[in-house]
**Student:** 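Pasting a structure below so you can have a look.
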Amino acid sequence: MKELPKNYSPQDTEDQIYALWEKSDCFNPDHIDGEPFSVMMPPPNVTGVLHLGHALENSIMDTMVRYERMNGKKTLLLPGTDHAAIATQAKVEKILISQGILHPREELGREKLLHEIKAFAEDSKKTILSQIKKMGTSCDWSRLAYTFDDARNIAVFTVFKKMFDDGLIYRGHRVVNWSIKGQSTCSDEELEYIERPAKLYTFTYAKDFPIPIATTRPETKLGDTAVAVHPNDTRYQKYIGQTFTVNVGAKNPLKIKVIADDSVDPSFGTGALGVTPAHSAIDYDMYTRQRAQGNPIELIQVIDQNGAMTELSGPEYTGLSVEQAREKFVSWLRESTLLLKEEAIMQNVGTSDRFGDIVEAIPMTQWFIDVNKTIPGKNKSLKDLMREAVTIGHNADPNQKITICPKKFEKIYLNWIENLRDWCVSRQIWWGHRIPVWYCSCGEMLISQTQPAHCTSCTSTTFIQDADTLDTWFSSGLWTFSTLGWPEETPDFKTFHPSNWMQMGHEILFFWMARMILMSTYVIDQIPFKDVYIHGMLRDENGKKFSKSAGNNIDPIDIIEKFGTDALRLSLLSGIAPGNDSKFYEEKVIGARNFVSKLWNISRFIMSKSKLTTTQDQKIKRDDLTVFDKMIIQKMHHVIISVRKDLDNYRFSQAIEKLHHFTWNDFADWYIEISKFESNTATKQIILPILLKDLLALWHPFIPFVTEEIWQQYSADKLLAISPYPNAQFYIPYIDTHTDITSTADMIMEIISTIRTIRQEQNITPDTKISIMIDNRKSLLGTTEVLSAYEHIIKNLRTGITKIEFITADIAMPSTIAKTTTHGVTVILSLNTLIKDTRAREKKEKELLKMQKYISALENKLSNESFVTHAPKDIIAGEETKLKTAKKQAQDIVTYLDNIKT
RNA sequence: GCACGCUUAGCUCAGCUGGUUAGAGCAUCUCGUUUACACCGAGAGGGUCGGGGGUUCGAAUCCCUCAGCGUGCACCA
């Protein structure tokens, strides 16, 4: 018999176990013939190292995948990384700046900077991949993908061309979000709103201008071309349609047209707003509406891409920064006594999530994806596709419906679609997929992945490629199928798409989930995944987000080195609910580590007693099973069913809780302890290993390393990672359905607990051996013979009992303490001296009071006619039994109180 | 402003479609080194399930309402 080392050392074990898995290629689905189950790993950004959030994702994902793999499915977890366009470039530029290269783009140029970024990306890719392995994630490394590799490049180009040909991608001049610091556009989703104090100025453009307006951005007023009021606003109706020419210092006198627009709230401020089409998305919308109505207003750009005032803002303003211009304009208003009011308010401003600066609205020529346009041949827009995938199913097919867990995110998602504008996909940064568009000097625009040979309209052979790159989410949107070799019709693509499951944090719902749905339904006419599980964010013990700047960052690798991966995984998955944030702190990991230790010791004990046999070798002999054998078999049967159900429904936390309770309480504290005193050792030697095997397998998806290590130490014939997940069916033949085995076992265990409780309450030292009487005349199911058979168990299980007397007839009770179990068995302890201190008495009196209250509540319930007529029979019967037991327990307390009185 | 959550033991959280005296882990207190485990064992204390109202024989669970906290979207005149 093999012996496990006294302590489990994850540090000395985990890497070897992972190497073992890799060597066997057991994570490659090609070796399995079952029903496909695929998960595409959300590719981490190559911006550095993985954080705790990644550890959570890997734990969730890997638990699910291991479970399905053990269920015999052809399981693929496809690993990958994301080039993370802006994020990575911003990160590398920051590093370069800290190294003294203050203007990386100008100083290095495109080629050199790209080289730097690539080196950084490759480096961090390496780190990330090794970290994923450290976390025990069971991915098929032979299918490793990268959003920026050649295969994904082809997919990106193919999709771009398809969208362009369908007219869904267009190049247009529109107001976009512009980060001055990053010198790039960003999508609406890439804005982070922060609240900051601002001043709201109320003024009129000129003395004779009839409508006052308010603004927090006075400098942009140099580009105003209209004043908008609500069409029904009686105050201003007479001015609608009129144009006023005012001179506020801009290059040309402003022609302010009074326009009517439904979006104006007449009760807010002055009920009128100055329209700056060039520097506000809302105002730009009005500008578009006016044009559509045939009443165009002008558009004057007064801020340039560097955040400086343009020539159009007037000679006094040209070249000034936005802040300088604001000050100047306000003092001009003041001097001209046009300023009516100045008040301090709180204001939300959009900042770039990557560069951190306040984003300016600027009109520019960019590439957009039209989300409202009808897709040729579809009679639907991209928006419709995005909506349908989660409502009626793609193509109204219920089998192509995405289920979002928890459901609340479905509403959030649909609400977001409502407000969705065209998606600006071009970026002015350099790290990313270059827009595959080439311009000929003749004005022709060609879509091509590489430089075209010659122009289709003028035969010229010289082209300029569009300088911009694509939003990183364009390529991640293709992830579920680009990773499978699409646009080739590969076997992988046919087998594994749509993927079965996806998990992600709620912060990337719109960035990623939405775009995957858009791309997949449009490009390949399939949903990207069937189920999506949204997890919450990890926070520190004070509820704060983890971040480097807050200084509360925890490196998962540090935790792994200290406590092991299994402990980290277990602690991350414990106590989480889908969509809810959870707190992470070291005590939780310690608890998980302790559990891993416990499992190790359980295994160590069983291994020292018996060697692992396969079920084919030796069959359990039914007749040799004790009540407790049957009890644990029944509980095992039950735990397998309920853990499977939890995992099938992504209730990781609940599954862990049940397994934890079963392992530590039912199995270790009761069954193993009892097994030490039962004589059917031959049967125990068969049954213990069988139970241990299934226990390890049940735990394996959560804590893969320690379970595999024990498994290997015990019987190295096969890897646990590809062994079947326990089947409850196996235990059915050993479960007694007609006799109430668990109740007998429960009764014995309860008697033991009762004795222990009495000992503690009475402060009886362990070396004091006591004798007890057991009265089961009114027990619900026990007989004295049954109880006598378990006398040795009761005596041996930390009860300190030397003698048990079974009461079969009425006898005179000595000075006693009696306690009745819920099974109706009364344990009587006779002592010469009972504790009589007032504290013990008070406690008992309190207990009695509680009991009496409970009894009268039950009595009321049972005498309530409505209850008796309306409630189901089994509920009523249950209440009656409860009442019976409660009465007996109350009597015990009364007797006890009487006894200590004398 | 609109929408969606959350509020359960000192702490962190479970509690599915309403039905045992509302659970777990940690922490606390008491006792204990019994041959797998002190990263342990045995026992105990601790909650009027945010407030109010309603539906029901029965509500932590369903409905309404109020309060506090949080998130998303919009606004950012």
**Student:** Are OP1 or OP2 of B/A14 and a side-chain N or O of A/Lys658 less than 4.0 angstrom apart?
**Tutor:** no
**Student:** Check this for me, if you would: do A/Lys199 and A/Glu343 make a salt bridge, where the nitrogen-to-carboxylate-oxygen distance has to be below 4.0 angstrom?
**Tutor:** no
**Student:** Against A/Phe595, only a single residue in A/Phe563, A/Trp699, A/Phe702 fulfils ring-ring contact (aromatic ring centres under 6.0 Å, His included); can you say which?
**Tutor:** A/Trp699
**Student:** Under 4.0 Å, counting only non-hydrogen atoms across every strand here, what does A/Ile412 touch: a base, just sugar-phosphate, or nothing?
**Tutor:** sugar-phosphate
**Student:** Rounded to the nearest Å, what distance is computed from the CZ atom of residue A/Arg759 to the P atom of nucleotide B/G43?
**Tutor:** 13 Å
**Student:** Which part of the nucleic acid, if any, lies within reach of A/Ala857 when heavy atoms closer than 4.0 Å are counted: base, sugar-phosphate only, or nothing?
**Tutor:** nothing
**Student:** Just checking A/Ala228: base, sugar-phosphate only, or nothing, at a heavy-atom cut-off of under 4.0 Å?
**Tutor:** nothing
**Student:** Side chain of A/Lys588, heavy atoms from C-beta onward: which of B/A42, B/U12, B/C16 has the nearest atom to it?
**Tutor:** B/U12
**Student:** Classify A/Glu195 by what it touches in the nucleic acid, base, sugar-phosphate, or nothing, heavy-atom distance under 4.0 Å.
**Tutor:** nothing
**Student:** When all nucleic acid strands are considered with a 4.0 Å heavy-atom cut-off, which category describes A/Leu200: base, sugar-phosphate, or nothing?
**Tutor:** sugar-phosphate
**Student:** If you check the A/Tyr585 side chain, which of B/C73, B/U12, B/A36 turns out closest?
**Tutor:** B/U12
**Student:** Determine the interatomic distance between C1' on B/U20 and the same-named atom on B/C13; round to the nearest Å.
**Tutor:** 23 Å
**Student:** By nearest atom, which of the nucleotides B/G19, B/A36, B/G43 is closest to the A/Ile602 side chain?
**Tutor:** B/A36
**Student:** Between P on B/C57 and CD on A/Glu865, what's the gap in Å once rounded to a whole number?
**Tutor:** 13 Å
**Student:** Rounded to the Å, how far apart are A/Tyr854 OH and B/A22 C1'?
**Tutor:** 13 Å
**Student:** Rounded to the nearest angstrom, tell me the gap between atom CD1 in A/Ile755 and atom P in B/A42.
**Tutor:** 15 Å
**Student:** On RNA chain B, compare the nucleotides closest to A/Thr216 and A/Tyr8; which residue's is nearer the 5' end?
**Tutor:** A/Tyr8
**Student:** Please determine, for the side chain of A/Gln760, which listed nucleotide (B/G25, B/G19, B/G43) has the closest atom?
**Tutor:** B/G43
**Student:** Closer than 3.5 angstrom, by distance alone: can the side chain of A/Ser280 be matched with the main-chain N or O of A/Asp283 as a donor-acceptor pair?
**Tutor:** yes
**Student:** State which of B/G19, B/A36, B/C26 makes the closest approach to the side chain of A/Ala871.
**Tutor:** B/G19
**Student:** Is A/Lys583 salt-bridged to A/Asp540, cutoff N-O under 4.0 Å?
**Tutor:** no
**Student:** Going by an N to O cut-off under 4.0 Å, is there a salt bridge joining A/Lys850 and A/Glu847?
**Tutor:** no
**Student:** Have a look at A/Asn7 and say if it touches a base, only the backbone sugar-phosphate, or nothing, with a 4.0 Å heavy-atom cut-off.
**Tutor:** nothing
**Student:** Looking across every strand, which nucleic acid part, if any, lies under 4.0 Å from A/Arg756 by heavy atom: base, sugar-phosphate, or nothing?
**Tutor:** sugar-phosphate
**Student:** Check every atom of B/C73, B/C75, B/A36 against the side chain of A/Ile282 and return the nucleotide holding the closest atom.
**Tutor:** B/C75
**Student:** Heavy atoms only, 4.0 Å cut-off, all strands: where does A/Lys846 land among base, sugar-phosphate and nothing?
**Tutor:** sugar-phosphate
**Student:** Using a heavy-atom cut-off of 4.0 Å across all strands, would you classify A/Lys598 as base, sugar-phosphate, or nothing?
**Tutor:** base
**Student:** Can a side-chain donor-acceptor contact be found between A/Asp224 and A/Tyr205 if the only test is distance below 3.5 angstrom?
**Tutor:** yes
**Student:** Counting only side-chain heavy atoms from C-beta out, which of B/A74, B/G41, B/G43 sits nearest to A/Thr757?
**Tutor:** B/G43
**Student:** Between atom NZ in A/Lys583 and atom P in B/C11, what is the gap in whole Å?
**Tutor:** 10 Å
**Student:** Can you tell me which nucleotide in B/A36, B/C57, B/C75 comes closest to the side chain of A/Ile672?
**Tutor:** B/A36
**Student:** Is there, by distance only and without an angle test, a donor paired with an acceptor across the side chain of A/Ser597 and the base of B/C39 below 3.5 Å?
**Tutor:** yes
**Student:** Figure out the CE/C1' separation between A/Met286 and B/A77, and round it to whole Å.
**Tutor:** 9 Å
**Student:** Rounded to whole Å, how long is the line connecting atom CD of A/Glu879 with atom P of B/C57?
**Tutor:** 16 Å
**Student:** Base, sugar-phosphate alone, or nothing: which one does A/Trp664 contact when heavy atoms must sit under 4.0 Å apart?
**Tutor:** sugar-phosphate
**Student:** Need one value for A/Ser653: base, sugar-phosphate or nothing, where a base atom within 4.0 Å counts as base even if backbone is also close, heavy atoms only.
**Tutor:** nothing
**Student:** In terms of the nearest nucleotide of RNA chain B, which residue is placed more toward the 5' end: A/Ser603 or A/His660?
**Tutor:** A/His660
**Student:** When all nucleic acid strands are considered with a 4.0 Å heavy-atom cut-off, which category describes A/Gln654: base, sugar-phosphate, or nothing?
**Tutor:** sugar-phosphate
**Student:** Are A/Trp416 and A/Phe409 close enough that their ring centers fall under 6.0 Å?
**Tutor:** no
**Student:** When we call it a touch if two heavy atoms are under 4.0 Å apart, what does A/Val275 touch: a base, just sugar-phosphate, or nothing?
**Tutor:** nothing
**Student:** What does A/Pro406 touch in the nucleic acid at a heavy-atom separation under 4.0 angstrom: a base, only the sugar-phosphate, or nothing?
**Tutor:** nothing
**Student:** Using atom CZ of A/Arg604 as one end and atom C1' of B/C39 as the other, report the distance to the nearest whole Å.
**Tutor:** 13 Å
